[in-house]
Amino acid sequence: MIVDERITAYINSLEKELPAYLNALEKTALSESVPIIRKETQTLIRLLLAMKQPTKILEVGAAVGFSALYMSEYMPENCSITTIEKVEMRLEKARINIANAPKGNKITLLEGDALNILKQLASQGNSYDFIFMDAAKAQYMIFLPEIMKLLTAGGLLITDNVLQDGAVAKSRYGITRRDRTIHSRMREYLYTITHMEELETAVISIGDGVTVSTRIQ
Ligand SMILES: C[S@@+](CC[C@H](N)C(=O)[O-])C[C@H]1O[C@@H](n2cnc3c(N)ncnc32)[C@H](O)[C@@H]1O
């Protein structure tokens with residue numbers, strides 16, 4: 001936890017109630033250790049959806065569909081979501097959760113490896129004004145060139161889990177050997193998106209660390 005637990009608990013106590021089916025889905029996902037977006041990240045996304053009023057959302061990393069369904073509840077009427085997942089065990093649940101949800105018809109679940117799918121989406125000329133990246137952290141840097149082909153001018157790119165419970169801020173030598181690759185890849189990703197001329201980016205220390213970027217050129 002990168003923010004004091006008590007402060008986080010207090011802020012979370014101010015959150016609005018989720019629709020009942022999302023509340024149940026969140027509980028099940030947490031009890032099965034599926035890594036879904038935390039409460040603080042949910043609120044940030046809801047705010048960004050209200051501000052941006054996107055028409056096309058792309059999510060990388062659906063897991064069991066919780067965050068896609070969450071976004072479907074707070075996005076504008078005319079908006080649709082494309083979400084990507086590759087792990088069969090997760091896909092099985094995502095398909096059912098999406099099919100049974102009130103706004104599941106607004107969500108397209110693309111099954112397979114995100115890098116291949118992002119390349120396909122870009123080569124087909126697709127574009128998105130709201131992209132939520134929440135997949136394998138080590139791959140963010142590899143996804144980024146494809147993401148940039150897909151992100152519209154003025155579009156938002158939100159990336160979750162960028163601070164890895166604070167580990168990213170530690171020196172390389174304070175990190176176990178096993179975690180050094182992910183540590184350096186995440187640092188490279190953060191340095192890149194905070195220094196790219198095309199993006200204006202804020203690194204926000206809520207949840208597990210979130211970046212919010214907007215495309216300025
Ligand atoms: C943190 S979870 C996503 C949680 C989800 N966004 C939510 O909050 O409900 C990350 C997911 O990304 C998927 N994933 C990781 N690498 C991927 C890849 N290369 N292609 C597609 N899915 C990937 C994992 O299988 C996992 O289910």
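Computed over heavy atoms, backbone and side chain alike; hydrogens, waters and symmetry mates excluded. Order of listing sets the numbers, starting from 1, for every ligand and every atom in it.
Checked by atom type and distance alone, the side chain of Asp129 pairs as donor or acceptor with a backbone atom of Lys56 at under 3.5 Å. With Tyr140 contributing its side chain and Asp160 its backbone, the two residues share a donor-acceptor pair below 3.5 Å.
Checked for salt-bridge contact, Lys39 and Glu26 meet the test: a charged N lies under 4.0 Å from a carboxylate O. Here Arg215 does not pair with Glu200 in a salt bridge; the nearest charged N to carboxylate O distance is not below 4.0 Å.
Between Asp134 and ligand 1, at least one N/O pair is under 3.5 Å apart. Inclusion of Ile37 in the set of residues having an N or O under 3.5 Å from an N or O of ligand 1 is warranted.
Within the listing of ligand 1, atoms 10 (C), 12 (O), 14 (N), 15 (C), 16 (N) sit less than 4.0 angstrom from a heavy atom of Ala135. Numbered from 1 in the order shown, with element, the atoms of ligand 1 that lie under 4.0 Å from a heavy atom of Phe143 read 19 (N). Within ligand 1, the atoms closer than 4.0 Å to a non-hydrogen atom of Ala136 are 15 (C), 16 (N), numbered from 1 in the order shown.
The option from Arg38, Glu59, Glu26, Lys86 that lies nearest to atom 23 (C) of ligand 1, judged by heavy atoms, is Lys86. For atom 6 (N) of ligand 1, the candidate residues are Ser67, Ala29, Ala68; the nearest heavy-atom contact is made by Ser67.
In terms of protein heavy-atom proximity, atom 1 (C) of ligand 1 is closest to Pro35 O, 3.1 Å.
Under the 4.5 Å side-chain contact rule for hydrophobic residues, Met133 and Leu199 share a cluster.
For Tyr70, the closest heavy-atom approach to ligand 1 does not fall below 4.0 Å.
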